[in-house]
4 protein chains.
Amino acid sequence: MVGMIKAAVSQRGEKGGKARATRALLLDAAVKVIGRKGYTGATVDEIVEEAGVSKGLAYYHFKSKAEMASSILDDGIGELADEFVAIAEAADSGPSALIGMIERFAVKIFENKEFGRFFVSELWREGRVWSGSMRENEERLLGLIREQLQRAKDGGLIRPEIDVDFEAVALVGMVLTTSLYYIDEKTDVSERDFIDNIIDFVRHANVCPE
Amino acid sequence: MVGMIKAAVSQRGEKGGKARATRALLLDAAVKVIGRKGYTGATVDEIVEEAGVSKGLAYYHFKSKAEMASSILDDGIGELADEFVAIAEAADSGPSALIGMIERFAVKIFENKEFGRFFVSELWREGRVWSGSMRENEERLLGLIREQLQRAKDGGLIRPEIDVDFEAVALVGMVLTTSLYYIDEKTDVSERDFIDNIIDFVRHANVCPE
Amino acid sequence: MVGMIKAAVSQRGEKGGKARATRALLLDAAVKVIGRKGYTGATVDEIVEEAGVSKGLAYYHFKSKAEMASSILDDGIGELADEFVAIAEAADSGPSALIGMIERFAVKIFENKEFGRFFVSELWREGRVWSGSMRENEERLLGLIREQLQRAKDGGLIRPEIDVDFEAVALVGMVLTTSLYYIDEKTDVSERDFIDNIIDFVRHANVCPE
Amino acid sequence: MVGMIKAAVSQRGEKGGKARATRALLLDAAVKVIGRKGYTGATVDEIVEEAGVSKGLAYYHFKSKAEMASSILDDGIGELADEFVAIAEAADSGPSALIGMIERFAVKIFENKEFGRFFVSELWREGRVWSGSMRENEERLLGLIREQLQRAKDGGLIRPEIDVDFEAVALVGMVLTTSLYYIDEKTDVSERDFIDNIIDFVRHANVCPE
DNA sequence: AATGAATGAGCGTTCATTCAT
DNA sequence: CATGAATGAACGCTCATTCAT
């Protein structure tokens, strides 16, 4: 998550810079702890200790623990969705846009495993304060992938019998689970090999055999 | 989970049968609640209320909440692994065994969504009491899938560039995530259509184009 | 405590012999566990496990855990008081009766350390079910010692300035604490040396210097 | 215990003073309740009610109930041991140091009966968290008494046949038990008369008759 | 902005006791 | 006489949240 938040930190000098930095510090700590222990398992005490600030300060910046989690999800997925949009605009075909998105997604999860764990653990959990915004962001992500699949299908570039709804979910899930598995188990695997495997998988699962 | 546990319940109408039935009742309730709320989010109070028994009774049968969760995982995954072994022995080729396993896996998760949710949520969580047995069972599952992938690869029935380690994880993750997504979002999807989509996906992601 | 209860055990053959044996078995186990853990710290589960019987059986023989504790105290102190009476009757002077009593007391505690611990721990505890009978028995014990001190004082055999009330308590307390201390710490100390020390102490603390 | 802790409270009116005062308040309440009911019998709820604070606060200041008990023992016995050292340094002979220590000990227990009860009840209990520190403090106390007994013995001021190890334990035990007995039973007894009895006892049990 | 003491509801667990068999 | 499954009240402890400073 460091990368995601650093931008905010560097905006010092202006008014509110200190506050923004503290907020970022807290969110950074929150991803780490929540990724490790899960939302319910993480405690505010642990988060503030990891951040090196007092408990009162955390509640000055966020109205609740749930809001911290919300912010992580919003920031992380929102940023990803923005990138997906940019990739779609830049790509000249459905498959190339799709590959670009999946690659970006895989890199992000691979490099922010705590965020990935949090995302996976909470994705199917009901009754969370952030469930609403979570679903929206998730749908936005899936929608963008679906669009490219449809575009490819319409162009005859992927197999016609593919159900784009199903396919979008399958690809996202595949990326999430492999990333988490490889991060935990096979720490010797290089990011490049991992991404290559992902791309190869996506290509063959979808592409029309010529 | 009902199906998984019923067998144990029905054996022995005699002495000890009552205790075994209560144990099954509790495990059944535990899967439901834990699947819904997550391990940490689930409370023993909710579990015993769901089971319709007193709290003390839960601790008469299980020494802790963690042991309840452990038992669910052991029972569920252990049974699945046994079925995988049977499928492998009955199949006449790697791909057919592979398809059989994935189908069985998908059906099981589709029909026991709470179990699936629990499995996904806890798979990458560290420091759980059951982490050890979880990893063992998970490895057993993955190992069986890997074997069939290797068998198929050796027989030239799937693409030679496939990394069987990666592929096994990718398939399991794909099944888990699609099952959970479809159960939650698209309740109108038929089990048959869903399974067909899975099989089609697996076939094209791996099988050698003839 | 074995010695105290053995008598009851041997009365087999008559009706109720089995029941009496079980009762003794349970009391024996109760002294051990309660002596080790204290009354509140001991659990009925532990007691019945130590006795090798079922929990239901314990409640068949005793109406509560408190009654078990009560019985231990009644049996133990009651027996001791009876012995004190016999010693008083057999002795030809206050000091010799006193020495006899203290010796008997010391031997009993030395040989039944769990009983001693229980006795010491609960002696000054309020609000116990057995507090009443405990105090009565304790008073009976102290009364018998006091009588002999008074007898000795009247006969000019101990220092006239001695407060017999205080002295009785002091002697009993000294025996209890030294026994427990020596049992725990200096297991190599012989019973004989220990008793000799006790007797020497009692003699000099009281006896009139000639 | 009030006296023992008040000193700590009054120092520093500044920052941290509030926390220290609360800690003292809780310890004070803990001695009262634990002395009355025993360690296992005392509940944290009772302690915090006695202190007039919330339960959470108790766990903010102490990490467990056992640590509260530990602190009581450490503070109480540690302070006593320090006083013993001062007495030993100020005294001009073994017997006078000994008498001074016993007197100080008796006064302390007499004026803090709950502390005394706790001390007696837990002294011979195994498996407590504080067993280690308890034993150390107890040994320090006994060691200091032993030293003075030995000094007196070497100087020919007490009977040569006295076993100083045994004697130290006997004196401490005698003080403890008489204090507790008199506090409970004879509330009309004056502290002065009580202490005089103690001193008289110690003198005659040990001192060489001239 | 920032601290950390204080709160109280609720959690996992224990355990004396009851009761159907 | 004997068993052991079942109960429920209460215990030690945690933790999100508040608030005086």
Side-chain angles (χ1 to χ4, degrees), chain A residues 16 18-23 40-48 52-68, chain B residues 15-23 26 40-48 51-68, chain C residues 16 18-23 40-48 53-68, chain D residues 14-23 26 40-48 51-68:
Chain A
K18 185 94 171 292
R20 197 164 276 161
T22 307
R23 204 188 124 94
T40 323
T43 70
V44 176
D45 275 286
E46 259 178 305
I47 293 172
V48 299
V53 301
S54 75
K55 213 181 338 189
L57 192 53
Y59 279 87
Y60 177 81
H61 285 283
F62 299 91
K63 91 176 210 298
S64 67
K65 177 184 166 189
E67 206 196 80
M68 288 186 217
Chain B
K15 224 164 65 162
K18 187 84 178 299
R20 198 163 275 163
T22 306
R23 202 189 126 94
L26 274 162
T40 324
T43 70
V44 177
D45 275 288
E46 261 179 305
I47 293 172
V48 299
V53 299
S54 71
K55 210 186 328 197
L57 190 53
Y59 282 89
Y60 180 77
H61 287 283
F62 300 91
K63 82 177 214 300
S64 65
K65 178 184 167 188
E67 205 197 81
M68 288 185 219
Chain C
K18 184 94 171 289
R20 196 164 277 162
T22 307
R23 203 188 126 93
T40 323
T43 70
V44 176
D45 276 287
E46 260 178 306
I47 294 172
V48 300
V53 301
S54 76
K55 215 187 326 194
L57 191 53
Y59 278 87
Y60 178 80
H61 285 283
F62 299 92
K63 91 173 210 298
S64 67
K65 178 184 166 188
E67 206 196 80
M68 288 185 217
Chain D
E14 321 102 64
K15 223 164 63 161
K18 188 85 178 300
R20 199 163 274 163
T22 306
R23 203 189 124 95
L26 275 162
T40 323
T43 70
V44 176
D45 276 287
E46 262 180 303
I47 293 172
V48 299
V53 300
S54 71
K55 211 196 309 208
L57 190 53
Y59 283 90
Y60 180 78
H61 287 282
F62 300 92
K63 84 178 211 299
S64 65
K65 179 185 167 187
E67 205 197 82
M68 287 184 219

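The model shown is predicted, which means the values in this text are computed figures rather than measured ones. Order of the sequence lines sets the chain letters (A, B, ...), proteins ahead of strands, with each chain counted from 1.
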Would you mind reading off the distance between [X] atom [atom1] and [N] atom [atom2], rounded to a whole angstrom?
X: C:Arg20; N: F:dA2; atom1: CZ; atom2: C1'; answer: 19 Å
X: A:Arg23; N: E:dA2; atom1: CZ; atom2: C1'; answer: 17 Å
X: D:His61; N: E:dG4; atom1: NE2; atom2: P; answer: 13 Å

With sequence neighbours left out, write down each residue that passes side chain to side chain contact (heavy atoms under 4.5 Å, CB included) with [X], or none if nothing qualifies.
X: B:Ser54; answer: B:Leu57
X: B:Thr43; answer: B:Asp45, B:Glu46
X: C:Tyr59; answer: C:Val44

Which heavy atom of B:Ala58 sits nearest a heavy atom of B:Leu26, and at what distance?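 Smallest heavy-atom distance, with atoms named: CA-CD1, 3.8 Å.
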Nearest heavy-atom neighbours spanning D:Glu67 and D:His61: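 Taking D:Glu67 first and D:His61 second, the nearest heavy atoms are OE1-O, 4.2 Å.
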Considering just the side-chain nitrogens and oxygens of A:Thr22, establish if one lies under 4.0 Å of OP1 or OP2 belonging to E:dA1.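 False: A:Thr22 side-chain N/O out of range (4.0 Å or more) of E:dA1 OP1/OP2.
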Heavy-atom protein contacts under 4.0 Å, nucleotides 14-21 of chain E, coded B base, S sugar-phosphate only, - none: BBSBB---
For A:Val53 and D:Val53, find the nucleotide of DNA chain E closest to each by heavy atoms; which residue's nucleotide sits nearer the 5' end?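 Closest to the 5' end, via its nearest nucleotide, is A:Val53.
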For B:Thr40, enumerate each residue passing the side chain to side chain donor-acceptor pair (under 3.5 Å) test, keeping only those at least two apart in sequence or located in another chain.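 Side chain to side chain donor-acceptor pair (under 3.5 Å) check on B:Thr40 returns B:Arg128.
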Are there runs of at least three consecutive Watson-Crick or G-U pairs touching DNA chain E, with each pair's two distances under 3.5 angstrom? Give them by first number.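 Looking at DNA chain E, the stems formed by three or more consecutive pairs are E:2-21 with F:2-21.
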